[in-house]
Each structure stands twice: as C-alpha cells, then as structure tokens.
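All heavy atoms count here, side chains included; hydrogens, waters and symmetry mates do not.
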Amino acid sequence: QVQLVESGGGLVQAGGSLRLSCAASGRTFSAYAMAWFRQAPGGERAAVASIAWHGTSTNYADSVKGRFTISRDNAKNTVYLQMNSLKPEDTAVYYCAVARGSVATMVNNQYRYWGQGTQVTVSS
C-alpha cells in the first residue's frame, strides 16, 4: 500500500524557516516527479513546487520563488521543502504528492498519490 507521510510543519514567526519532509513507502518513486501543494482555509489546493525524477529540474509558484527550495533523495524515497523567510500568507496545510510521470509539473490532476498534509502556521 502506497503511503506518503509529511512531517516538519508547525508554528513559526514571520521571517522564520521550516523544513518539510515527505517519506514515501509502499513502492519506489525514484522514476516519478514529486511536488508540494498547499491549501489555505477556504482556498483551493495549489502547487508550491515540483521536482523531476532526477532532481535537477524544478518549478516554483511565483509567490515562493527565492524563498522555498524543493529537493529529493531517491535513495531515501523522500522529498523535502525548505521554506525560508516565511510570511503569514504561507499559512496552509502542505501536502506532498507523487506524479503520474517523470516530468515536474504544477498541475494538480497530474498527481496520483497524496499525503495527509501537515499544518504550517506563520504568525505575524
């Protein structure tokens, strides 16, 4: 059974940093793109960052460019999201996801497996 487990969320002051991790189990995902999405209360789930299977191609939402970094360790079947210079508007539930293919994409319906989410709250 495929399982994605996110960790690293929490409460942080504006300007602070958090590092999210997503450990995948049940199968090997090294051949597939992965991504982080977020959903704020009352909002839609939207892509924050995505990374291709080889890790050298990434995409970011304009709102997080220069502040967030996505990376992966295929040997550990894990994807990370380093979040720096956090803002109150970054407050959301963050989800990791595994794509249907190997190319990094920011399109929700291109992702097949989803984690349960981890809450990130940024206070002003």
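With contacts defined as side-chain heavy-atom distances shorter than 4.5 Å, the pair Arg45/Asn108 qualifies. Residues Trp36 and Cys22 are in side-chain contact: their nearest non-hydrogen atoms beyond the backbone lie under 4.5 Å apart. In this structure, the side chains of Leu18 and Val120 come closer than 4.5 Å at one or more pairs of heavy atoms. Residues Tyr60 and Val48 form no side-chain contact, since every pair of their non-hydrogen atoms from C-beta on lies 4.5 Å or further apart.
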Table please: side-chain donor-acceptor pairs of residues 70-79 below 3.5 Å, with sequence neighbours left out.
from  : atom 1 : to    : atom 2 : distance (Å)
Arg72 : NE     : Asn74 : OD1    : 2.7
Arg72 : NH1    : Tyr32 : O      : 2.8
Arg72 : NH1    : Ala52 : O      : 3.0
Arg72 : NH2    : Phe29 : O      : 3.0
Arg72 : NH2    : Tyr32 : O      : 3.0
Arg72 : NH2    : Asn74 : OD1    : 3.2
Asp73 : OD1    : Ala75 : N      : 3.1
Asp73 : OD1    : Lys76 : N      : 3.3
Asn74 : ND2    : Trp53 : O      : 3.0
Asn77 : OD1    : Phe29 : N      : 3.1
Asn77 : ND2    : Ala24 : O      : 3.4
Asn77 : ND2    : Arg27 : O      : 2.8
Thr78 : OG1    : Lys76 : O      : 2.8

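Residues Ala104 and Asn59 come closest through the heavy atom pair O-ND2, 3.3 Å.
Under the 4.5 Å side-chain heavy-atom criterion for ILVMFWY residues, a single connected hydrophobic cluster contains both Phe68 and Leu20. By the criterion of side-chain heavy atoms lying less than 4.5 angstrom apart, applied directly or through intervening Ile, Leu, Val, Met, Phe, Trp or Tyr residues, Met106 is not grouped with Tyr80; the two fall into different hydrophobic clusters. Placement of Leu86 and Val93 in two distinct hydrophobic clusters is found when ILVMFWY residues are connected by side-chain heavy-atom separations under 4.5 Å, directly or transitively. Residues Val2 and Met34 are members of one and the same hydrophobic cluster, defined by side-chain heavy-atom contacts under 4.5 angstrom among Ile, Leu, Val, Met, Phe, Trp and Tyr.
Residue-environment remark: CD (Gln39) exceeds the threshold of 12 foreign heavy atoms within 6.0 Å.
To the nearest 0.5 angstrom, Thr69 atom OG1 is 11.0 Å from Met83 atom CE. Rounding to the nearest 0.5 angstrom, the gap separating the CD1 atom in Ile51 from the OG atom in Ser57 is 8.5 Å. For the atom pair Ser102 OG and His54 NE2, the distance stands at 7.0 Å (nearest 0.5 Å).
Qualifying salt bridge (charged side-chain N to carboxylate O under 4.0 Å, His left out) partners for Arg67, counting only residues two or more places apart in sequence or in other chains: Asp90. Residues satisfying the ring pair (Phe, Tyr, Trp, His ring centres under 6.0 Å) criterion with Tyr111, sequence neighbours excluded, are Phe37.
Thr28 places no side-chain N or O within 3.5 Å of a backbone atom of Ser30 that could act as its donor or acceptor partner. A donor-acceptor pair under 3.5 Å links the side-chain atoms of Glu6 to the main chain of Gly117, judged by distance alone.
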**Intermediate values then yes/no, side-chain contact (heavy atoms from CB on, under 4.5 Å), Val98 and Arg112** = CA-CA 6 Å; Val98 178; Arg112 179 179 181 184; 5.9 Å; no
**Test side-chain contact (heavy atoms from CB on, under 4.5 Å) applied to Thr91 and Gln119, step by step** = CA-CA 8 Å; Thr91 295; Gln119 176 70 46; 4.0 Å; yes
**Message:** Quick one, Ser7 with Arg19, criterion side-chain contact (heavy atoms from CB on, under 4.5 Å). Give me CA distance, side-chain angles, the key distance, then yes/no.
**Reply:** CA-CA 9 Å; Ser7 61; Arg19 189 192 193 209; over 6 Å; no
**Item:** Gln82 and Ser17: CA distance, side-chain angles, deciding distance, side-chain contact (heavy atoms from CB on, under 4.5 Å) verdict
**Value:** CA-CA 8 Å; Gln82 178 66 45; Ser17 298; 4.0 Å; yes
